[in-house]
Each structure stands twice: as structure tokens, then as C-alpha cells.
Amino acid sequence: MSSHPKRYTVTAALPYTNGPIHIGHLAGVYIPADIYTRYLRAKGRSVAFICGSDEHGVAISLKAKKEGKTPQEIIDHFDGVIRASFEEFGIAFDNYSRTSRAVHYETAQEIFKILDSKGVFELNASEQLYDEAAQQFLADRFVTGTCPICQHPEAYGDQCESCGSSLNATELIAPKSTISGGKPSLKTTKHWYLPLDRYQDFIQKWILEGHKNDWKPNVYGQVKSWVDNGLQARAVTRDLDWGIPVPVEGGENKVLYVWFDAPIGYISSTKEWAAAQGIDWEPFWKSDDTQLVHFIGKDNIVFHCIIFPVILHATGDYILPENVPANEFLNLEGQKISTSKNWAVWLHEYLDDFPDQQDVLRYVLTANAPETKDNDFTWSEFQARNNSELVAIYGNFVNRVMVLTQKYYKGSVPPAQNLSDEDQAVLSAIKSFPGKLEKSLESYRFREASQELMQLARLGNKYLADAEPWKRIKNQPEQVEGILYSALQICAALAVLSEPFLPFTAKKLKSLLQLNPNLNWDDLAVSAVLIPSGHQIAAPELLFKKIEDEQIEAQRLKLQPQEKPENIAHETPLAAKKPDISFEQFEKMDFRVGTILSAEKVRKTNKLMQFSIALGEETRTIISGVAEHYSPEALVGKKVTVLTNLAARKIKGIESQGMLLLGENKDGKLIFVGPEDAHASSGSSIA
RNA sequence: CGCGAGGUAGAGCAGUGGUAGCUCGUCGGGCUCAUAACCCGAAGGUCGCAGGUUCGAGUCCUGCCCUCGCUACCA
């Protein structure tokens with residue numbers, strides 16, 4: 001702590017503008033980043049807290065096409081929503097930019113050109129699906145078709161969401177362009193590749209050897225896993241019309257890969273901010289006495305620890321992140337947060353439902369932050385943390401002190417002449433808190449820090465309970481002066497130390513105490529007087545209010561996946577009818593009655609189940625994606641319809657020799673198509 | 001046998017070789033200044049399972065099981 005960097009550049013992951021912000025984003029990235037930067041400012045450090053909207057990429061153009069809008073309309077809308085909710089929530093960015101702004105185009109293109117001129121890239125040609133009608137290449141997510149594994153009719157080009165298998169777009173049966181609806185063809189295209197393999201040593205030395213002990217295990221382990229498996233060259237351009245044009249010869253009709261341009265957004269946002277401040281941006285990215293920290297979620301580790309650093313390193317004189325404290329994920333009531341299933345708590349809705357209670361959500365998400373593993377957010381915990389910690393411990397302590405001060409001394413801080421040993425002990429205990437908090441905060445342990453803060457309020461409550469000023473006022477009034485004087489010092493310390501965690505509360509408490517605005521973090525450890533005798537404080541006012549069961553119940557109800565028939569009908573139409581086939585084609589298919597002899601889940605998969613099926617004399621192994629709908633035991637003995645002459649295919653190393661016929665009901669549950677009649681015998685043919 | 005992280009009281013977490021801890025919840029008591037708040041005490045754990053190393057293992061080694069991620073609208 002004796003020496004610290006001259007300045008800090010702190011980034012928070014750029015939110016992707018195809019949806020609003022939810023509690024997962026807040027807990028994983030924005031709250032920890034905001035706490036960290038508020039703390040640094042409280043210590044008087046020079047900080048640039050940088051963020052912005054990430055507005056390129058396939059998902060946005062897909063969403064735009066699906067909703068019949070332009071990408072620009074989508075990003076303008078969500079940039080507005082996100083920007084406003086961050087502002088109201090108190091995430092105090094120094095600059096919140098957009099990757100669609102000119103400064104970002106220039107910056108990203110310039111870095112691309114530098115890398116190109118240094119000969120860093122490799123150019124490679126490959127075959128990709130091409131939509132003749134739309135005259136463009138199709139990114140994986142622009143192709144749907146029948147999954148070759150589970151026969152799900154709407155698998156994407158990179159993955160089937162039904163069985164979870166990873167796919168190549170070229171493997172899909174009957175691929176279809178989501179743009180024109182037409183059948184794509186194969187066409188050769190070339191792309192610029194960042195040869196990460198050539199930077200293996202660089203990553204090895206920098207992270208695996210240099211940050212073995214100061215980076216979080218999840219981050220370090222993830223990087224190690226990538227490096228141990230051998231880094232691969234990665235294409236950094238795409239054949240799309242939405243994005244930043246590739247600024248070199250041959251780059252016509254191509255754009256930068258969104259993950260190439262997005263992190264550069266940190267740099268362009270810094271430039272934009274510095275220009276507005278009238279200062280030079282370069283020290284924030286190119287000076288060795290700057291500490292760069294990226295706050296991200298665990299899914300971004302590879303981009304921030306490998307790809308972006310390689311870009312910075314290869315470009316030239318940029319510094320590398322000092323730390324990348326990635327958090328794990330937050331679940332909601334035991335389930336993964338999901339936009340499409342509307343399983344989320346949206347920030348803008350929270351702000352409407354709980355006005356002026358930003359700090360409650362900040363506190364709950366900090367106290368239960370997924371720092372070392374995935375954690376669960378529940379509304380009952382939210383209520384409990386508010387009612388039993390913020391209200392009962394913190395708010396109540398402050399209120400007790402203020403009410404007593406009002407009652408006994410008309411709101412004037414009493415004299416400190418007759419301090420007992422206990423009073424002195426409390427006053428010196430206060431001095432130890434800034435150091436404890438700093439230790440936690442400097443090592444990115446925000447959950448621990450928030451609990452240390454709460455300990456200060458606990459200390460206050462215990463002190464009051466032990467000292468019993470309400471009893472002593474009757475016969476030892478001079479001692480009560482010392483007690484309330486000391487208790488008020490705790491309140492003042494709380495006001496200052498709370499600022500990073502509970503900025504709204506800190507502001508309110510400072511105003512209630514009429515605290516000297518010059519009192520700062522570092523004073524707490526040295527100054528004996530935080531709020532002087534004779535100082536007048538305001539009338540008591542509650543800092544937090546109880547959250548009632550009804551409010552929690554209302555939030556829970558909100559979470560129920562809402563049945564909106566018109567929307568569901570619109571969003572999940574019946575599977576499109578397939579083209580007619582001839583009787584001859586149908587006749588080629590050999591359907592038979594099969595009996596399930598055994599069933600077991602396929603290891604390391606969610607949805608796949610391996611069956612042993614009796615077909616008369618013969619027994620076959622068949623894989624089917626039903627594990628989420630049935631337990632293996634329940635299926636043994638069941639009669640099913642089997643397509644027996646489907647070409648065998650290896651799935652997860654197991655050869656599947658046929659296919660089970662399944663239907664899907666309106667809830668999405670898979671139903672076996674099977675002969676109900678117990679007399680249907682195994683192996684008999686179906687026509 | 002793909003790789004990474006996690007699996008410690010009802011819940012959330014700390015604890016990396018030396019008598020299992022913290023917060024919330026539960027139960028009992030105290031107090032009454034305070035938002036039925038606060039303070040004290042108690043109950044509650046075979047530290048995922050099985051082996052091994054060690055005088056001694058939650059902590060080190062080996063194997064296995066489970067959860068999450070690497071792979072989707074997600075941070």
C-alpha cells in the first residue's frame with residue numbers, strides 16, 4: 001500500500017445491446033467494478049472507469065431481421081435503456097461510449113491496419129455457406145436445418161439447442177438460410193486470422209509464470225487450459241454487412257469480428273473521455289505506471305486474457321492488464337438466467353419496482369457475489385439481507401444513535417471530555433476498519449469487504465447494548481456524553497466507508513450528519529475526531545425500509561414464465577411443413593416396433609440417452625435426446641417406433657444404429673411415438 | 001477416460017497440515033434507545049464418496065460421483 005500505480009484504467013465488460021441489463025450482469029461485472037473504482041477515488045487515486053455499448057455482431061443483425069427492424073434501431077433502443085438504467089443505478093462510469101461511434105471505428109481500424117502492416121495476420125481461405133438470393137455468406141447463426149444427431153428441425157449452424165451437440169454449419173441436413181429462406185451453397189471465402197499459436201510463449205510467460213499467485217484460480221485455470229491445449233489461429237474478420245469494415249485491400253464486404261472490435265472499445269471510450277476532459281489518453285493505455293484492470297464474467301476470460309492481450313502486445317506499445325478478476329455466474333431461484341425464457345430480474349424493472357432502493361440490490365448482489373463459484377439469487381434472500389442486515393443492523397444502529405442524540409442533546413454532538421476505557425476502545429477500533437476494507441478491496445474480495453463494513457455497524461450495536469446510555473442518562477449523564485460522542489464517530493466512519501458499496505446511503509447519511517465534505521477515507525485511520533463536539537446533526541430519518549412479503553411475492557409471480565398465447569404463437573410457430581416426398585421415398589424407410597431393454601444417460605451430456613432396443617432377434621444401440629424429459633428407469637420395457645435403416649452415426653463416441661420417433665407436445669416435452677397395444681411384437685414392421 | 005472451477009452446519013460463505021469458523025435462519029434468555037429492531041447463549045457439520053501419505057488431513061496424493069462453465073439468446 002506504500003506504493004501504488006500513478007493511475008488506473010478500469011474497464012467493465014461492454015454490455016451487448018441486444019437486451020437490457022439484468023442482475024447477472026450487475027453481480028458479475030458492474031457492481032464489483034463500480035465498488036473498486038469508487039474505492040480508488042475515495043483514496044484519491046487517478047482513475048478512468050471505462051465502458052460502453054457493444055453494438056456489432058451477428059446476434060444483433062439476427063434480432064433486427066427477426067423483428068423487421070434495422071440493426072441501428074435495435075442498438076439505439078437498447079443503448080438508451082442500458083445507459084439510463086446504469087445512470088439511475090449509480091454505476092459511475094467516467095465514460096460510457098458506443099462501438100458504433102466514429103472514434104471507435106477509427107481506433108479499431110487503425111489497430112487492424114497496424115497489425116496488418118506488421119504482418120501479424122495470416123490470410124486463409126475456407127468454404128462457407130453462401131446465400132445466393134441475399135448475396136452474402138452466412139454466419140453460423142444465420143443457418144438453420146435439421147440436426148444430424150437428434151433430428152431437431154431447427155438446429156443452428158454452430159450448435160443444436162435440442163441435444164446440445166456442437167455442429168458445423170455444413171453438417172446440417174437440409175440447411176436453410178434464415179435471411180432468404182433459401183438453400184445455401186458452398187463458396188470459398190478468405191479471412192484474416194490472428195495466429196494465437198505464435199504467441200503461446202508470450203501468454204505462457206506473462207500469465208502462467210507471472211500471475212500464478214495473484215490471479216483468481218478460475219481465471220488462471222481457464223487460461224492454462226487453453227494454453228495446454230495449444231492456441232489456434234482465430235479468424236478476426238467476418239462476411240457480414242453489420243460491423244466495422246475491414247480497412248485493408250481485399251476487405252470489401254467484410255467486417256471485423258465482433259470480438260476483435262469490442263475490447264478495442266475500451267480504448268476508444270478512453271479516447272473519447274480524455275478528449276472531453278482535455279487530457280491525453282495515451283498514458284491510460286501505454287504507460288507502465290498505469291494499472292489496467294478488466295472486470296468481466298467467466299465467459300469472457302479467453303477474450304480478455306488471451307486474444308485482446310495478444311492484440312495489444314502485437315500492436316506495440318500497449319500495457320497489459322494487471323488483473324482480470326472474472327466472476328462466475330449468478331443463477332436466479334435455482335435456474336440459469338435466460339432472456340428468452342424471461343427468467344431474469346431486469347435492472348430497469350427493478351428500478352421501477354423498488355424506487356430509491358438501489359443500494360439494497362447493490363448490497364445483496366455484493367454480499368452474495370459469485371466470486372469463487374456460481375451463486376444463486378433468491379428473492380427471499382434479497383428480503384432477508386435487506387430486513388435483517390441493512391435495516392436491522394446498519395439502519396437501526398444509525399437511527400438509534402441519532403434518536404438518542406436528538407433526545408438528549410437536541411441533535412448536537414456531545415462533548416468528549418469524559419471518555420471511558422470502553423469509549424476509547426471503540427474509537428481506536430474505528431481506525432482499524434479502513435485498513436481491513438482496503439486489504440479486501442485491493443485483492444478484489446468485495447463480498448468480504450461488504451461484510452467487514454457490516455461488522456462496523458455490528459460493533460456499534462454491541463457497544464450501545466453494553467454501554468446502555470438510556471439507563472445511565474438517569475444517574476451518570478456525563479458518561480452518556482462520551483458514549484454518544486463515540487457512537488456518532490462510528491456513524492461518521494460508516495458514512496465514509498459505505499460510499500463504494502452503498503453510494504446512495506452514504507450520501508444520505510453524510511447529509512443527515514451534516515458531515516464535513518472534506519472528511520475522507522484516509523482520515524479515518526488517523527484522525528481522532530470525525531464529527532466534532534458541538535456539531536449539529538439533522539433530525540433522524542430512516543436509511544432503509546423493510547421489504548414486505550407482498551413485495552417479494554409480487555416479484556416471484558413476475559418470474560413465472562408468462563403465458564402470452566399471441567407471443568408464443570408468434571415466436572414459436574409450428575415446425576414448418578417439409579416439402580412433399582414421393583411414396584417411393586417413404587417406402588425406403590424401414591419402421592419397426594422396438595422394445596427398450598435398457599436406458600442410461602450418456603455421460604457429459606444433458607440431453608442424450610443411450611438405449612438398447614430389441615427388434616425381434618436383433619438388439620441395437622440407439623442414442624436419442626430425451627434425457628431431460630424422462631428418467632432411464634421409467635423407459636425400460638416401453639414399446640417404441642424405430643427407424644431402423646437410418647445410416648449409423650457416432651455420437652459422443654457411441655454408434656447410434658437407428659432413430660426413435662418422438663413427438664413434441666405444446667409444452668415442449670418430447671413424447672414417444674409408440675404402439676400402445678401390448679400385442680405389438682418387437683421387430684414387426686410398421687407401414 | 002477432453003479441459004477448467006466448485007462440492008465445508010437448513011441457506012450463503014471463510015478456512016491449504018496441528019483442538020472445524022463467520023453471516024443469515026432456528027431455539028432459549030436479556031434489554032427497551034431503536035424500523036417487533038438490538039445484545040448474550042444454545043442446538044445444528046462422519047468438511048461429496050473411497051483409498052493413500054503423515055505422529056496428525058477440510059487442507060497433500062490417487063480414483064470415483066455431482067454441479068457449473070468452456071458451447072446457446074448470457075457476465
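Since this is a predicted model, take the numbers as computed values, not measurements.
Rounded to whole Å, the C1' atom of rU8(B) lies 12 Å from the corresponding atom of rU46(B).
Partner assigned to rU19(B) is none, using Watson-Crick or G-U wobble distances below 3.5 angstrom. Look at rG28(B): its Watson-Crick or wobble partner, with both distances under 3.5 angstrom, is rC40(B).
The nucleotide whose nearest atom lies closest to any side-chain atom of Ser225(A) is, among rA37(B), rA5(B), rG4(B), rG4(B).
The pair Glu468(A)-Arg472(A) does not meet the salt-bridge criterion, since no charged nitrogen lies less than 4.0 angstrom from a carboxylate oxygen. In this structure, Glu328(A) pairs ionically with Lys298(A), as a charged nitrogen and a carboxylate oxygen lie closer than 4.0 Å.
The shortest distance between the side-chain N/O atoms of Asn368(A) and the OP1/OP2 oxygens of rC24(B) is not below 4.0 Å. A sub-4.0 Å separation between OP1 or OP2 of rC24(B) and a side-chain N or O of Arg458(A) is present.
Within 4.0 Å (heavy atoms only), Lys546(A) reaches at least one base atom of the nucleic acid. Asn331(A) comes within contact range of no nucleotide atom at all, as no heavy-atom separation falls under 4.0 Å. Residue Tyr30(A) is out of contact with every strand shown, counting any heavy-atom pair closer than 4.0 Å.
In this structure, the ring of Phe501(A) has its center no less than 6.0 angstrom from the ring center of Tyr363(A).
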